[in-house]
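Report on one structure; see the data block that follows.
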Amino acid sequence: MATATETISNLASSTATLRLRRQAEGENKPTDGPYRYAHLLPHFSADRYPLLEPFDHVDPGVRALALPSPRAFLDNATRVDELTPNLGTEVTGVNLAELDSSGRDQVALEVARRGLLVFRDQQDFIDRGPDFYREWGRHFGRLHIHPTSGHPAGYPEVHLVYRDANSTFNFEIDESITTTSWHSDVSYELQPPGLTTFFLLSSPDTGGDTLFTSQVSILRRLSPQFIAFLRTLKAVHSGIEQADFSRSGKRGATVRREPVEHVHPVVRRHPVTGEEALYVNRQFTRRIVGLKREESETILKFLFDHIDKSADNQARVKWRPNTVVLWDNRITAHTAIVDFKETGERRHGARITPQAERPIPALDGLDLSA
Ligand SMILES: O=C(O)CCC(=O)C(=O)O
Ligand SMILES: [Fe+2]
């Protein structure tokens, strides 16, 4: 039986081993010397951008549907593990950065089908840097430039999340009892994002996982009668509070594009798979159009609570160095988990956010004018 001192010393050495393994895999801690991703730290420019213009989106997943082997990009994978039956696949042995145009189309289709793909060992992808991140993202749609968040200097299309002992951008902790904040990215845009790419450049030794849920499964749990009602509804999504937060002096205090609100169907149809997904989220959906205030608040609260508590629709990504995660923002929601703030460790992530089509209602002919 180990003495308490031995147990503590074993624990210390396993922490040291973990640190060495992470360093060998490319992790760079504040104590290791100059930060290797210093050029990708958040920069809050005073630039101003005009309102976004509508554009035609052709989903790359459509092209893969016509291929004889739409999953050929997985042929050389050494492991393919489904994280849950409904959501998420983890892939090892595929170098995303080397995929040609057809391979990228196939990835788009697979992300549309599985909601979430987790690619391990993507040092090549991460090392190629921000010009490559943009080139990668443009394959999937017009790149969104975030109105308020920080980005690497000169690369406004790269949205950053950042936290360390002294600063936090995008992980502000309010007075809530939880740090989870479920959302679908920038759902207030007229054409919100589809396939989205995210990776961590620096992560805590433990904690800071990201949680995802399938909005397709979330919808399917409801009764046919209730789903039929939801299909008739549309809701307002707003970027105003996010902009006000920045205007109040927080998160870089920059608002580079005036905030917008848009009306989207409460149930949207995926343009490639035809699957229906619930499209409301606590962070940006404000009210259901046409309902009395109490009706709207009650239904939204019910749906948000359903998203929060249905662990049986969720998948959790535990980060390791050089992991690149892709999700389809049309059919999933996600939240960061900020359970590492006491350690003061650095967590630094980058997101590439191609916009997609204006959400397609489940019901043909649903009038989307407010
Ligand atoms: O930091 C994370 O795990 C997720 C951040 C996030 O929500 C995003 O970048 O869209
Ligand atoms: Fe997000």
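Hydrogens, waters and symmetry mates play no part in the numbers below; they use all other heavy atoms, side chains included. In each ligand, atom 1 is the first atom listed, and ligand 1 is the first ligand listed. Throughout, numbering of the chain's residues begins at 1 and tracks the sequence.
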Does ligand 1 come near enough to [X] that some N or O of the ligand is less than 3.5 Å from an N or O of the residue?
X      : result
His183 : yes
Arg351 : yes
Trp327 : no

Under 4.0 Å from a heavy atom of [X]: which atoms of ligand 1 are those, numbered in the order shown and with their elements?
X      : value
His159 : 9 (O)
His334 : 6 (C), 7 (O), 8 (C), 10 (O)
Thr210 : 2 (C), 3 (O)
Arg347 : 1 (O), 2 (C), 3 (O)

Inset, instruction - Restricting to N/O/S, name the atom of Asp185 that gets closest to the Fe ion (ligand 2). - result: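 Of all N, O or S atoms belonging to Asp185, OD1 is the one nearest the Fe ion (ligand 2).
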Legend entry - For the Fe ion (ligand 2): the N/O/S atom of His334 at shortest distance: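 Checking each N, O and S atom of His334, the shortest distance to the Fe ion (ligand 2) belongs to NE2.
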Legend entry - Student check: side-chain heavy atoms of His146 and His151 closer than 4.5 Å: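 They are not in contact (no side-chain heavy atoms under 4.5 Å apart), so the answer is no.
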Would [X] and [Y] count as a close aromatic pair, with their ring centres under 6.0 Å?
X      : Y      : result
Phe284 : Tyr279 : no
Trp327 : Phe212 : yes
Phe125 : Phe119 : no
His237 : His264 : yes

Legend entry - Polar side-chain atom of Arg231 near backbone of Phe226 as donor-acceptor pair, under 3.5 Å: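 Here the side-chain-to-backbone pair does not exist.
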Inset, instruction - Tell me, with the steps shown, if Phe198 and Trp319 meet ring pair (Phe, Tyr, Trp, His ring centres under 6.0 Å). - result: CA-CA 11 Å; Phe198 181 72; Trp319 293 92; 5.6 Å; yes
